[in-house]
Amino acid sequence: MKNITVIGAGSMGNGIAHVFAMNGFQVNLVDMNPTSLEKAIATITKNLDRMLAKGSIDEAAKASTLANLNPVTSIESCAGTSDLIVEAATENVEIKLNIFRQIDALAPAHCILATNTSSISITKIAAVTNRPEQIIGMHFM
């Protein structure tokens, strides 16, 4: 598993993308709003700079983390090569269900689909896909 897609560039999404990218994964960070993507990359860069100042990472780690991030505005452009897709969109059931219908149709058969929901039933989300056994809840703190 090397290719991760994170859907949603808000606080949760950019944090999830940051951690995966910092650990050597190729990460597509997806948001329909280009301004949200720019803010997410700026936040990740700021957080990396803070880690650099504390001495917990070096310049090479910062550079490789940023190089592992690919901001995109389209799920279609990256879902087909993903090994794991983590949905971190706004906590709205219809938005999440629509995202899962879409990624189920686009993602390869081996891809695991994860949601970062804190209140919506994982079973309800899994029910709109053709791969309910590959739907997981991953709530990041």
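Model, not experiment: these values are computed from the prediction. Atoms considered below: every heavy atom in the structure, side chains included; atoms not considered: hydrogens, waters and symmetry mates.
- No continuous path of hydrophobic side-chain contacts links I41 to M32 [ILVMFWY only; heavy atoms under 4.5 Å].
- Distance alone, capped at 3.5 Å, is enough to place a donor-acceptor pair between the T117 side chain and the S119 backbone.
- In this structure, V93 is a member of the same hydrophobic cluster as I122, with clusters built from ILVMFWY side-chain heavy atoms closer than 4.5 Å.
- Minimum heavy-atom separation, N33 to T35: OD1-N, 2.9 Å.
- A heavy-atom distance below 4.5 Å is not found between the side chains of V6 and E87.
- The cluster map of Ile, Leu, Val, Met, Phe, Trp and Tyr, joined by side-chain heavy atoms under 4.5 Å apart, puts V72 and I75 in the same cluster.
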Start with the C-alpha gap between F100 and L113, add the side-chain angles, then the distance that decides, and say whether side chain to side chain contact (heavy atoms under 4.5 Å, CB included) holds. CA-CA 8 Å; F100 272 85; L113 309 181; 3.7 Å; yes

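- Legend: residues meeting salt bridge (Lys or Arg N to Asp or Glu O under 4.0 Å) with E38, ordered by chain and number and at least two apart, are absent.
- Within the model, atoms CE of M51 and CD1 of I57 stand 5.0 Å from one another, a figure rounded to the nearest 0.5 Å.
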Check the pair M22, S64 against side chain to side chain contact (heavy atoms under 4.5 Å, CB included), reporting the backbone distance first and the verdict last. CA-CA 7 Å; M22 200 166 161; S64 67; over 6 Å; no

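- Annotation: side chain of N70 is not in contact with side chain of C78 (no heavy-atom distance under 4.5 Å).
- Although no hydrogens or angles enter the test, the distance criterion places a donor-acceptor pair under 3.5 Å between the side chain of S121 and the main chain of T123.
- Under a hydrophobic-cluster definition in which Ile, Leu, Val, Met, Phe, Trp and Tyr are linked whenever side-chain heavy atoms come within less than 4.5 Å, directly or via other members, L37 and L69 are assigned to the same cluster.
- In this structure, T5 OG1 and F20 CZ are separated by 10.5 Å, a value rounded to the nearest 0.5 Å.
- Side-chain contact, Q26 with N68: a donor N or O sits under 3.5 Å from an acceptor N or O.
- Looking only at distances, no side-chain donor or acceptor of D31 sits under 3.5 Å from a matching main-chain atom of S36.
- Minimum interatomic distance between S82 and P108 (heavy atoms only, all atoms of both residues): O-CG, 3.3 Å.
- Tracing side-chain contacts under 4.5 Å through hydrophobic residues (I, L, V, M, F, W, Y), one never reaches M138 starting from I125; they form parts of separate clusters.
- With hydrogens and angles ignored, the 3.5 Å screen pairs no side-chain donor or acceptor of T73 with any backbone N or O of P34.
- Note that the OG1 atom of T65 and the CG atom of L48 stand 5.0 Å from one another [nearest 0.5 Å].
- Counting heavy atoms from C-beta outward, C111 and I85 have side chains that approach closer than 4.5 Å.
- Side-chain contact between H18 and T43 is absent, with no heavy-atom pair separated by less than 4.5 Å.
- L106 places a side-chain heavy atom less than 4.5 Å from the side chain of E76.
- Atoms CG and CD, from L97 and Q102 in turn, are 13.0 Å apart once rounded to the nearest 0.5 Å.
- Across A40 and L29, no two heavy atoms sit closer than the pair CB-CD2, 3.8 Å.
- For the pair I4 and N28, the minimum side-chain heavy-atom distance is 4.5 Å or more.
- In this structure a side-chain-to-backbone donor-acceptor pair under 3.5 Å is present from E91 to S118.
- Using a 4.5 Å heavy-atom threshold, the side chains of I7 and I99 count as touching.
- Not counting sequence neighbours, the partners of D49 by the side chain to side chain donor-acceptor pair (under 3.5 Å) test are K62.
- K2 contributes no side-chain N or O that, together with a main-chain N or O of D83, makes up a donor-acceptor pair within less than 3.5 Å.
- At least one side-chain heavy atom of T45 sits under 4.5 Å from a side-chain heavy atom of L66.
- Rounding to the nearest 0.5 Å gives a distance of 9.0 Å between CG of D104 and CD of Q134.
- Between atom CG of residue N130 and atom CD1 of residue I135 there is a gap of 9.5 Å, rounded to the nearest 0.5 Å.
- R101 places no side-chain N or O within donor-acceptor distance of the main-chain N or O of T129, the cut-off being under 3.5 Å.
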